[in-house]
Colleague: 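Here's a structure for you.
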Amino acid sequence: MDQNSLSALAADLTSGAVRIVDLSVTLSSQTPILVLPEEFGWGKSWPFSKEEISRYDERGPAWYWNNICCGEHTGTHFDAPIHWVTGKDHQHHATDTLPVENFVAPCVVIDAVAESQADPDFLMTVDFVKQWESEHGEIPRGAWVLYHTDWSKRESASDFLNRDSDGLHNPGWDPATVIFLAEERQIIGVGTETVGTDAGQASAQEPQFPCHNLMHGANKCGLASLANLDQLPPTGAILIAAPLKIEEGSGSPCRVLALVGASDQ
Ligand code: MN
C-alpha cells in the first residue's frame with residue numbers, strides 16, 4: 001500500500017465510504033465458554049469476571065477500574081497455533097510471536113446459514129467451498145475465512161452451546177475442508193460464530209477436533225464466537241483481529257473489527 005492508498009483509506013473512513021463493523025461479543029460473566037469433558041475435570045477455564053477496584057469513591061475518588069479474569073479462550077477470541085499439540089513446534093506460533101501481518105488481512109465470508117439452521121451438526125465440505133468459489137472467486141492466499149451461520153444470534157447460553165446428552169451440537173468442518181483451506185488456499189485461519197472453531201461433535205471426528213488439529217498443525221490461526229457476520233459482504237472486507245500480546249499465550253479474547261466498503265452492504 002502506498003501513501004495514496006492510505007490517504008484514500010483515511011478519507012473513506014472519515015466520509016463513511018468505509019464502515020467499521022464490530023464482530024465481537026460483549027464480555028460478561030454470562031459469556032458462554034467451552035467446558036472440557038469430565039475426564040479433564042470439566043475444564044478449568046475461568047469464565048469472564050471483573051472485580052471493581054474503585055469507582056469514584058473512597059477506594060479511589062477520581063478513578064474507575066476493575067480487575068478482570070478469564071481463560072484465554074473466552075468470548076470472541078483468537079486461537080494461536082500453539083493452542084494445539086499439532087502446532088506446538090512451529091516458529092512464531094504464540095500470541096506474542098505471531099507475525100502481525102496475520103492481524104490485519106482480507107476476509108471472505110461463506111454463507112452456511114440455511115444449512116446450519118437445517119442441521120446443527122452441519123459440516124462444511126470442500127465441494128461447498130468450491131461452490132462458493134464458483135460464485136465469488138477463489139479464496140485469496142493470506143485471507144481469513146469466516147463461517148457465517150447466524151449462530152451468534154442464539155441469545156441464551158443454552159441455545160448457543162446447544163448441549164444434549166451427546167454433548168454440544170454446532171456446525172463445523174469436514175476434515176478435508178480444513179486441509180484444503182490450509183494447504184491449497186494458504187489462508188491465515190478460519191473464524192466461526194460458535195464457541196470454538198470446531199463442530200460441537202468434533203471429538204467424534206477423525207482426527208478429533210479437525211479444525212484445531214489440522215489448522216494449527218499447519219501453523220494457521222482461529223477466531224471463535226464472532227458476531228455480525230451478516231453485515232459483511234462475501235468478499236472485499238478487511239479483518240482486524242489482534243490478540244493480547246501475552247507471553248507464550250495460546251490465544252486471547254480480542255476485539256475483532258471489519259472494514260467494509262459502504263457500497264458492499
Ligand atoms: Mn479457542
Side-chain angles (χ1 to χ4, degrees), residues 20-85 93-98 103 149-164 167-170 189-200 202-203 209 211-212 216 221-229 239-258:
I20 300 175
V21 178
D22 190 352
L23 306 185
S24 325
V25 300
T26 300
L27 277 175
S28 79
S29 61
Q30 303 305 308
T31 302
I33 58 169
L34 261 183
V35 176
L36 295 176
E38 187 177 16
E39 62 262 38
F40 304 112
W42 292 115
K44 301 292 195 303
S45 187
W46 293 334
F48 180 84
S49 65
K50 69 180 198 282
E51 172 197 69
E52 201 170 271
I53 300 169
S54 68
R55 191 160 187 162
Y56 334 122
D57 52 25
E58 70 281 356
R59 300 168 299 175
W63 47 89
Y64 167 51
W65 56 347
N66 302 299
N67 286 317
I68 58 171
C69 160
C70 65
E72 288 174 326
H73 301 262
T74 304
T76 301
H77 73 272
F78 196 105
D79 287 355
I82 195 177
H83 179 40
W84 219 251
V85 62
H93 60 342
T95 47
D96 57 332
T97 56
L98 276 166
F103 304 153
T149 54
D150 274 349
W151 208 261
S152 58
K153 294 184 177 174
R154 292 176 170 237
E155 288 186 2
S156 74
S158 68
D159 284 351
F160 181 75
L161 295 173
N162 202 29
R163 185 194 308 276
D164 70 11
L168 306 183
H169 294 273
N170 64 253
V190 295
T192 67
E193 296 183 56
T194 47
V195 70
T197 56
D198 260 304
S203 64
F209 304 100
C211 189
H212 287 82
H216 297 326
C221 303
L223 291 166
S225 294
L226 297 172
N228 298 325
L229 296 189
L239 192 80
I240 303 172
L244 296 176
K245 200 170 179 178
I246 299 167
E247 184 177 35
E248 270 216 315
S250 76
S252 101
C254 62
R255 192 74 179 256
V256 182
L257 306 172

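Note that these values count all heavy atoms, side chains included, but never hydrogens, waters or copies made by symmetry.
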Colleague: When rounded to the nearest 0.5 angstrom, what distance separates CG in L98 from NZ in K245?
Modeller: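 One finds 11.0 Å between CG of L98 and NZ of K245.
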Colleague: Can you measure from CG (L27) to CD1 (I68) and round to the nearest 0.5 angstrom?
Modeller: 8.0 Å
Colleague: Once the angle between the rings of H212 and W84 is folded into 0 to 90°, is it parallel (under 30°), tilted (30 to 60°) or perpendicular (over 60°)?
Modeller: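 H212 and W84: tilted rings.
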Colleague: Measure from the side-chain N and O atoms of T31 to the backbone N and O of T26, and report whether any donor-acceptor pair falls under 3.5 Å.
Modeller: yes
Colleague: Kindly say whether N67 contributes a backbone atom to a donor-acceptor pair with the side chain of E51 at under 3.5 angstrom?
Modeller: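 Flag not set: sc E51 to bb N67 has no pair under 3.5 Å.
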Colleague: Is it true that a side-chain atom of N170 and a backbone atom of D198 form a donor plus acceptor pair closer than 3.5 Å?
Modeller: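 Flag set: sc N170 to bb D198 pair under 3.5 Å.
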Colleague: Show your reasoning for whether side chain to side chain contact (heavy atoms under 4.5 Å, CB included) applies to Y64 and S54.
Modeller: CA-CA 5 Å; Y64 167 51; S54 68; 5.8 Å; no
Colleague: Apply salt bridge (charged side-chain N to carboxylate O under 4.0 Å, His left out) to R59 and D57, showing your working.
Modeller: CA-CA 5 Å; R59 300 168 299 175; D57 52 25; 2.7 Å; yes
Colleague: Determine yes or no for a side-chain-to-main-chain donor-acceptor pair under 3.5 angstrom, with T192 supplying the side chain and G196 the backbone.
Modeller: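 Yes; judged by distance alone, with no hydrogens or angles, the pair exists.
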Colleague: Indicate yes or no for a side-chain donor-acceptor contact from N228 to the backbone of L23 under 3.5 Å, with no hydrogens or angles considered.
Modeller: no
Colleague: So L229 and E193, side chain to side chain contact (heavy atoms under 4.5 Å, CB included) or not? Walk me through it.
Modeller: CA-CA 8 Å; L229 296 189; E193 296 183 56; 3.6 Å; yes
Colleague: Side chain to side chain contact (heavy atoms under 4.5 Å, CB included) between L257 and D22: does it pass, once the steps are laid out?
Modeller: CA-CA 5 Å; L257 306 172; D22 190 352; 4.1 Å; yes
Colleague: Quick check against the 3.5 Å criterion: does T76 have a side-chain atom that pairs as donor or acceptor with the backbone of S225?
Modeller: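 Side chain of T76 to backbone of S225: a pair is present.
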Colleague: Evaluate the criterion side chain to side chain contact (heavy atoms under 4.5 Å, CB included) for residue pair L239 and L223; output intermediate values, then yes/no.
Modeller: CA-CA 11 Å; L239 192 80; L223 291 166; 3.6 Å; yes
Colleague: State the CG-CZ distance between N66 and R55, to the nearest 0.5 angstrom.
Modeller: 7.5 Å
Colleague: Taking CD in E52 as the centre, count heavy atoms belonging to other residues, nucleotides or ligands within less than 6.0 Å. Is the count above 12?
Modeller: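 Counting neighbours around CD of E52, more than 12 heavy atoms of other residues, nucleotides or ligands fall under 6.0 Å, so yes.
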Colleague: Strictly distance-based, threshold 3.5 Å: is any side-chain N or O of T95 a donor or acceptor partner for the main-chain N or O of I246?
Modeller: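 Indeed, once roles are kept as given, a pair shorter than 3.5 Å links the two residues.
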Colleague: Rounded to the nearest 0.5 Å, what's the gap from OG on S29 to CZ on F48? Could you check?
Modeller: 8.5 Å
